There are 2 protein chains.
Amino acid sequence: MARIVMKFGGTSMAGIERIRNVAQRVKREVNAGNQVAVVVSAMAGETDRLVNFCREASSLYDAKEYDVVVSAGEQITSGLLAIALQAAGVPARSWLGWQLPINTSDAHASARIGEIDTAELDASLAAGVVAVIPGFQGVADGQRVSTLGRGGSDTSAVAMAAAMKADRCDIYTDVDGVYTTDPRIVPRARKLSKVTYEEMLELASVGAKVLQTRSVGLAMKENVRVRVLSSFEDGDTNDGHRGTLIVGEEEIDDMERQLITGIAHDKNEAKITLTQVSDRPGSVAAIFAPLADAGINVDMIVQNVAHANGGTKSTDVTFTVPAADLARSLDVLDKAKDAIGYATVVHDTRVAKVSVVGVGMRSHAGVAATMFTTLGERGINIQAIATSEIKVSVLIEEDYTELAVRVLHTAYGLDAEDAA
Amino acid sequence: MARIVMKFGGTSMAGIERIRNVAQRVKREVNAGNQVAVVVSAMAGETDRLVNFCREASSLYDAKEYDVVVSAGEQITSGLLAIALQAAGVPARSWLGWQLPINTSDAHASARIGEIDTAELDASLAAGVVAVIPGFQGVADGQRVSTLGRGGSDTSAVAMAAAMKADRCDIYTDVDGVYTTDPRIVPRARKLSKVTYEEMLELASVGAKVLQTRSVGLAMKENVRVRVLSSFEDGDTNDGHRGTLIVGEEEIDDMERQLITGIAHDKNEAKITLTQVSDRPGSVAAIFAPLADAGINVDMIVQNVAHANGGTKSTDVTFTVPAADLARSLDVLDKAKDAIGYATVVHDTRVAKVSVVGVGMRSHAGVAATMFTTLGERGINIQAIATSEIKVSVLIEEDYTELAVRVLHTAYGLDAEDAA
């Protein structure tokens, strides 16, 4: 007997027919002798509908009341799945966030999960009753409904798996796993059978939108074995070849280990360059402190070597921000112009970030060199570079994104043997 | 300063624009110095949508999970109204059933309200915060979400008014009050400025669908002053002429008292006649006991004088049941044929019940006689008669319903002076 958490996204819960299919999948795990908790999203489109109601009611809505409104979507699907499970002969009950309870911080609309009380749940699971838990919601101070922010149901599932000491957490979604890169760009992309938490974090944060980043961080911290798999594909879920398993590095043996795990890309960045920033202590802090205060996430940062310009030394500073925050960033920089001391601001949204990710690069030199050479041979100009222990990212002109991903996929030997 | 409960139905909550209008109405009461609790229904159509989901998921759905699903509709509107009130500059917060809590019985899907804890609410109201309370929902055993059954929001409002010791409970709906009869049938019907609880109960139960019957019964028991008024009509809500006030008999002074308050009709009845029922002790019980066991509400009952039929005495028994229960009733009677002992069953759904209602008839003879004479002069045949202390009902052929209502409305002097 194992304890498992199964999580189903909005597409899997969109309508009663699909909810019935979910019930059948859950039934199979129950019949295999497992204790099962199911975490559900709202029906596809429902959360958007509820969020729009709140925005229409007031652009400055109270986050506490927003949480009351938007948490209703998952409340509805949790009750419906419990009914569908019972109809399939599987004892089941729903547990709303305040009922378990799933305690969270009081940062309404983007709360963090704290302690989850599982005493009652454990007794119910032991009695053979499937627990159906609305994702995305909890309770703050034991008093008010809270939600975790968009995509929070993945985080709910991982948190439940940690609290229940589940043997694994299966995330059912509309893709069948994590790929070496976007298969729409590279038809020969391969599905990964295993990926480490660290790699998944890098892949997710640079654009592989399979799992919410926060949920991966939590899984890493709590050491929860997460599997991503398709809810529209049949087969034995205990078959190790289904989906992608996300685990600690120690669980991937040397035979399986690849130098590079995947290639990610992200077109939602904007590049900003400040020219002739005076090269004195504190000038860089003067740029980034006001951006941080405005809640703007700065990603890649490049500072050129200072050069003499008349009497004073100055330098150009280039960095990227989310494209959605560009206008606000320019406003912040304009207001801080005197404090920073720069000549002009140049910005460009026609850029893309392409990253190669893999824990293997820790012990191998030459990964970055291969990347620069490969791109250079195709005439792709590199505008900025950023590296971490397991990732090398470059900023390039947006038009070259797909070309860059394809040639890198081939250069690192990631192409499948047969074309898909 | 007064304490008031305002209740808004689904039509008033259908969309953000209307919710904003509701917020403005609430604001006016707050600006007048009142402490206000608002009870809201789900958006029009939403509860039907959620009920249908449950039915689709399983015809034998678990009422506990049904309550989780359908209570979401009012949860959504309560959060949205709180946001809209804040946007209008009125401090407000929502209180879900489990938060106050509104304790109910554990008869899920048709729970009865028990104790409502108002300690926290009182403090919040005293601090000038409007309380927004989802109607129709509560919490059973402090554990599970419960609902009161369809139309339960009226009952929630009256129960809140009783618990809060509110000065009045204003029920905003899509009609502007209670009329002497259906104005679609009698254009000269008059809006009643006051009606007693007892009269309202009789008018509601015979077809004037303005307020849910249970809410009127509760208002009578708890002595809550209820006012029904339109949410689509402007004007000073403290103007005694707006809407209809539903109060105890002692609050209606002699000047205002009418002999007859209103004429109601109901076309949803079916007439059943059992012929040649043997006239012996227990034969009538043998008819109605199995119907009661099947949960079928028998309304009017007529038993003719027994007449000799060969050697034994027998009689015909006529009664009415809700038309929706006719098929089940016939089935029950067929199975009980030997126990009852009758010759044939005759049934007819083309009947209507017309009732005249008024507390004044307690002290006046001749009300029934006027009714029979008036109908007889128009050639309308009376198939059955039932009376209570404040009501006389007759069963007639359905085609004559509107004619009967019109001539009775005139005969009892209810027509407005000027045509509407």
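What's counted below: heavy atoms across the whole structure, side chains too, no hydrogens, waters or symmetry copies. First the proteins, then the strands, lettered A, B, ... as listed; each starts at 1. Predicted, not measured: the structure shown is a model, and the values here were computed from it.
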Practice problem: Indicate yes or no for a side-chain donor-acceptor contact from B:Glu65 to the backbone of A:Ser94 under 3.5 Å, with no hydrogens or angles considered. | Solution: yes
Quiz item: Between the main-chain N or O of A:Val69 and the side-chain N or O of B:Gln75, is there a donor-acceptor pair closer than 3.5 Å?
Solution: no
Quiz prompt | Part of B:Val145 lying under 4.5 Å from any heavy atom of chain A | solution =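 Answer is both: backbone and side chain atoms of B:Val145 are under 4.5 Å from chain A.
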Relative to chain B, which segment of [X] carries a heavy atom at a distance below 4.5 Å: side chain, backbone, both, or neither?
X	value
A:Val132	neither
A:Ile19	neither
A:Glu17	neither
A:Leu96	side chain

Quiz item: Taking non-hydrogen atoms and a cut-off under 4.5 angstrom, which of residues 99-128 of chain B neighbour chain A?
Solution: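 B:Gln99, B:Glu120 fall under the 4.5 Å cut-off.
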Self-check item: Residues from residues 46-64 of chain B approaching chain A under 4.5 Å (heavy atoms)
Solution: B:Glu46, B:Arg49, B:Leu50, B:Phe53, B:Cys54, B:Glu56, B:Ala57, B:Ser58, B:Tyr61, B:Asp62
Practice problem: Look at A:Thr77, A:Ile83, A:Ile76 and state which one has the largest set of heavy-atom pairs under 4.5 Å with chain B. | Solution: A:Ile83
Quiz item: So do B:Leu80 and A:Tyr66 actually touch side chain to side chain, heavy atoms under 4.5 Å?
Solution: no
Exercise. Taking the side chain as every heavy atom from C-beta outward, state whether B:Trp95 and A:Val68 have any atom pair closer than 4.5 Å.
Key: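 SC-SC contact between B:Trp95 and A:Val68 ruled out.
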